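When a residue number appears, it is its place in the shown sequence, counting from 1. Quick note: numbers below take in every heavy atom, side chains included, and nothing from hydrogens, waters or symmetry partners. Just so we're clear, the structure is a prediction, and the values are computed from it rather than from any experiment.
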Amino acid sequence: MDDGFGDWRTMVLPVHLEYTDEDDEDEDGPSFYPHIRRSVDEEKISAEEEYRIMAEQVKESKGFDIDFTKFRCVFNYVPLDLDYDGVVGGPGGPETTREFMDRMCRESLEIFNQRDSTEYEFVKFIKANHHFAAGIMFLVTFEGKLLSDDVSKQFQAKFCVCDTLVDLISCELKPLKEQ
């Protein structure tokens, strides 16, 4: 049955709220990633309205462009904190989260260049978010530029990390209307 999502490589994971069960007797219990909370003076909106806004942003941007400052609820899509090394590699691991993102942006761009016969070079990491899939699915935005041009363009890469295996799903120029 075709559910409209296609296979897991092209799928946009539906949005869902994360929550804890306070009656859970497991000592470790569920753990959640750091998230952004709304300040006291900002307008409060319902969890249902936050869910609607989050789902709309994920659908429109295929999960790449989410304004996390709008949410006080915790969703399955989470902004990547480059200073938190528990996502990949772990503390004292082979590379920091910053180093991992830098490497993956460069490797994604190399594959893009080979596939499209171009010569873009990596300029800088812009942002990323992630969610759990068959591992951790990263949705990354970064800049690259042609060697013959001074104008940078934005790229979007999607890759999944499962243990030590990294599977590049896609690397494309960000659609112009979104740049």
Does the pair [X]/[Y] count as a salt bridge with the N-to-O cut at 4.0 Å?
{"X": "Glu119", "Y": "Lys145", "answer": "no"}
{"X": "Glu143", "Y": "Lys153", "answer": "no"}
{"X": "Glu48", "Y": "Arg52", "answer": "no"}
{"X": "Asp102", "Y": "Arg106", "answer": "yes"}

How far apart are the closest heavy atoms of [X] and [Y], and which atoms are they?
{"X": "Phe64", "Y": "Ala157", "answer": "CE2-O, 3.3 Å"}
{"X": "Asn129", "Y": "Ile66", "answer": "ND2-CD1, 4.0 Å"}
{"X": "Tyr77", "Y": "Gly63", "answer": "CE2-CA, 4.1 Å"}
{"X": "His130", "Y": "Pro79", "answer": "CE1-O, 3.9 Å"}

Would you sort out whether Leu80 and Leu82 count as a side chain to side chain contact (heavy atoms under 4.5 Å, CB included), showing the intermediate values?
CA-CA 6 Å; Leu80 182 66; Leu82 291 176; 4.0 Å; yes

Under the criterion side chain to side chain contact (heavy atoms under 4.5 Å, CB included), which of Met54, Lys127, Gln57 is the partner of Phe68?
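For Phe68, the side chain to side chain contact (heavy atoms under 4.5 Å, CB included) test succeeds with only one of Met54, Lys127, Gln57, which is Met54.
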
We want to know whether Thr118 and Asp116 form a side-chain donor-acceptor pair, criterion being a heavy-atom distance below 3.5 angstrom.
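Side chains of Thr118 and Asp116: no pair found under 3.5 Å.
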
Joint hydrophobic cluster, [X] plus [Y], side-chain heavy atoms closer than 4.5 Å:
{"X": "Phe122", "Y": "Phe112", "result": "yes"}
{"X": "Phe100", "Y": "Phe132", "result": "yes"}
{"X": "Met104", "Y": "Phe125", "result": "yes"}

Could you tell me if the ring centre of Tyr120 sits under 6.0 Å from that of Phe155?
yes

Run the salt bridge (Lys or Arg N to Asp or Glu O under 4.0 Å) check on Glu49 and Lys70 step by step: do they pass?
CA-CA 11 Å; Glu49 180 63 8; Lys70 294 187 179 295; over 6 Å; no

Determine whether Val123 and Ser152 satisfy the following criterion, side chain to side chain contact (heavy atoms under 4.5 Å, CB included), listing intermediate values before the conclusion.
CA-CA 8 Å; Val123 175; Ser152 294; 3.8 Å; yes

Contact check, side chains of Ile169 and Met137, non-hydrogen atoms, under 4.5 Å
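Result yes, sub-4.5 Å side-chain heavy-atom pair found.
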
Might you work through the salt bridge (Lys or Arg N to Asp or Glu O under 4.0 Å) test for Glu107 and Arg103, ending with a clear yes or no?
CA-CA 6 Å; Glu107 288 180 15; Arg103 179 172 62 88; 3.1 Å; yes

Spacing of Lys174 atom NZ and Ser61 atom OG [to the nearest 0.5 Å]:
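So the gap between those two atoms works out to 8.0 Å.
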
Would you give the length of the straight line joining atom OG of Ser108 to atom CD of Glu172, rounded to the nearest 0.5 angstrom?
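So the gap between those two atoms works out to 10.5 Å.
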
Derivation and outcome, side chain to side chain contact (heavy atoms under 4.5 Å, CB included), residues Glu121 and Leu147:
CA-CA 7 Å; Glu121 64 180 12; Leu147 298 174; 2.8 Å; yes

Test Lys158 against Leu168 for side chain to side chain contact (heavy atoms under 4.5 Å, CB included), laying out the working first.
CA-CA 6 Å; Lys158 183 189 294 189; Leu168 177 65; over 6 Å; no

